[in-house]
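Written out below as structure tokens is the structure these notes cover.
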Protein chains: 2
Amino acid sequence: MQIVVVDDHPIFRDGLSQILRSLFVDAEIMYAGDYGQLQSAIKDNPQPDLITLDLVIPGFDWRTDMLKLRRSLTLTPIAIVSMVQNDEAITCAMDVGINGFVSKGVQPDLLADSILQIMEGETLVRRAGDILSSNDESNLLAKLTARQIDVLRLICKGMSNKEIARELDLSPFTVRIHVSALFKSLGVSSRTSAVAIATASGFS
Amino acid sequence: MQIVVVDDHPIFRDGLSQILRSLFVDAEIMYAGDYGQLQSAIKDNPQPDLITLDLVIPGFDWRTDMLKLRRSLTLTPIAIVSMVQNDEAITCAMDVGINGFVSKGVQPDLLADSILQIMEGETLVRRAGDILSSNDESNLLAKLTARQIDVLRLICKGMSNKEIARELDLSPFTVRIHVSALFKSLGVSSRTSAVAIATASGFS
DNA sequence: AGGCAATTAGGACGGATGTGCTACTTGACT
DNA sequence: AGTCAAGTAGCACATCCGTCCTAATTGCCT
């Protein structure tokens with residue numbers, strides 16, 4: 001199973017990946033941050049099982065390129081997941097045969113549900129309702145245990161596992177346990193990505 | 001090209017206009033000194049190419065009106081250029097999808113650079129305090145070559161060497177060369193430390 | 001009492017990372 | 001012409017990192 005996530009916002013990209021991974025454990029998730037990367041990804045994988053598409057990525061003009069994309073991938077469900085709620089863009093998307101539109105503002109479980117429906121052939125448009133305060137950082141950090149937060153803080157200072165072990169008076173093996181669990185919660189697989197997410201979320 | 005400058009301080013307003021004119025020679029720059037004028041300006045120009053927004057203008061409550069503004073202009077880059085560095089305001093801005101925050105205290109060329117990045121889809125927060133502390137480290141960052149800065153920016157996004165190689169269309173070997181040289185200049189020996197220094201210095 | 005999450009510790013393994021070499025090209029400056 | 005900095009590309013090696021295992025302890029909840 002192959003999924004292509006198209007988004008130039010790394011934080012949201014990671015969040016969306018986490019959701020998708022929870023839905024499809026065995027999925028191979030590829031990323032594209034701009035139109036060029038999207039085209040490369042499609043070239044390498046001519047028939048992915050799902051594409052989630054942000055409308056505002058570098059080099060992509062939805063007025064023209066959304067149609068091209070739909071034409072080149074007639075069998076693949078394309079779900080637009082975007083902050084843009086411009087009606088013109090939505091109607092344009094529906095006109096060219098995009099399978100669904102989901103606003104980035106919706107709750108994660110609702111987004112997951114929408115993705116599933118779209119993949120089962122539904123055509124739906126789900127705008128962000130009145131719910132808007134969904135605080136990303138608290139959602140992310142709320143999932144972390146106390147020790148994981150300790151470790152994350154030291155990771156953000158640039159410390160290695162060994163240094164963290166000395167600082168917290170732990171075995172390096174234990175540090176690795178926390179790091180690994182931490183990454184799983186954040187949906188990343190490298191300490192650098194974790195720092196990127198944490199700092200962007202205002203983690204202190 | 002249309003730009004709306006929202007600020008109630010005429011002197012700063014003029015200075016910002018000058019910077020914007022140097023960036024976009026053909027831009028039509030409009031001013032709004034309070035919330036009412038902002039609404040009028042948007043009514044007259046429903047899709048400007050950029051809005052620079054001061055958080056403290058008469059009649060504007062950022063806790064509620066920032067979201068309305070974002071919702072009414074989903075396609076327009078909105079850059080907050082403000083004296084206030086209230087963390088609550090900044091996180092609120094980021095939560096509602098404001099594209100960037102730049103303190104009025106930063107250097108003009110840095111402000112210009114930030115505006116450009118925001119208009120290219122980046123979301124960045126540049127506090128003045130970051131710049132003050134970066135006077136020391138701007139020496140560090142000044143020592144970096146253009147390619148090294150490219151690499152550092154992608155490292156800060158959490159990318160691996162392989163991903164960076166794909167992004168910049170380089171060999172992974174070359175990326176490692178830049179990474180290594182970069183670390184030597186910054187005086188670190190891990191990408192995580194590099195991110196820690198870069199973000200603490202307000203590097204975008 | 002039993003279950004469960006968190007924390008601690010370790011082993012094994014594959015892959016990523018960082019450094020130290022060599023080597024070529026290009027453009028700018030002398 | 002010569003030099004030098006920057007960028008490109010590759011190889012080798014040691015180390016670190018991240019994941020997948022097992023296993024023990026603690027405390028909390030049912």
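Residue numbers start from 1 in every chain, and the chains themselves are labelled A, B, ... in the order their sequence lines are given, proteins ahead of strands.
- In this structure, E28(A) and M1(A) have side chains that are not in contact, with every pair of non-hydrogen atoms separated by 4.5 Å or more.
- Within 4.0 Å of T174(A), counting heavy atoms only, lies at least one base atom of the nucleic acid.
- Annotation: side chain of I51(A) is in contact with side chain of P48(A) (closest heavy-atom distance under 4.5 Å).
- Of the candidate nucleotides dG10(C), dT8(C), dC21(C), dG10(C) has the atom nearest to the side chain of S171(A).
- Residue-level contact check: R176(A) touches the bases, meaning some heavy atom is under 4.0 Å from a base atom.
- As judged by a 4.0 angstrom heavy-atom cut-off over every strand, A146(B) is placed among residues touching the sugar-phosphate backbone only.
- At least one side-chain heavy atom of L20(A) sits under 4.5 Å from a side-chain heavy atom of T52(A).
- Of the side-chain N and O atoms in S160(B), none sit less than 4.0 angstrom from OP1 or OP2 of dA16(C).
- Nucleic acid contact class of L170(B) (heavy atoms, under 4.0 Å, all strands): sugar-phosphate only.
- Judged purely by atom type and a 3.5 angstrom limit, T199(A) uses its side chain to pair as donor or acceptor with the backbone of A196(A).
- Counting 5' to 3', DNA chain D first comes under 4.0 angstrom of a heavy atom of chain B and last does so at the ends given by dA6(D) to dA12(D).
- With hydrogens and angles disregarded, no donor-acceptor distance shorter than 3.5 Å links the side chain of T192(A) to the backbone of T192(B).
- With dG20(C), dG18(C), dT8(C) as the candidates, the nucleotide lying closest to the side chain of S180(B) is dG18(C).
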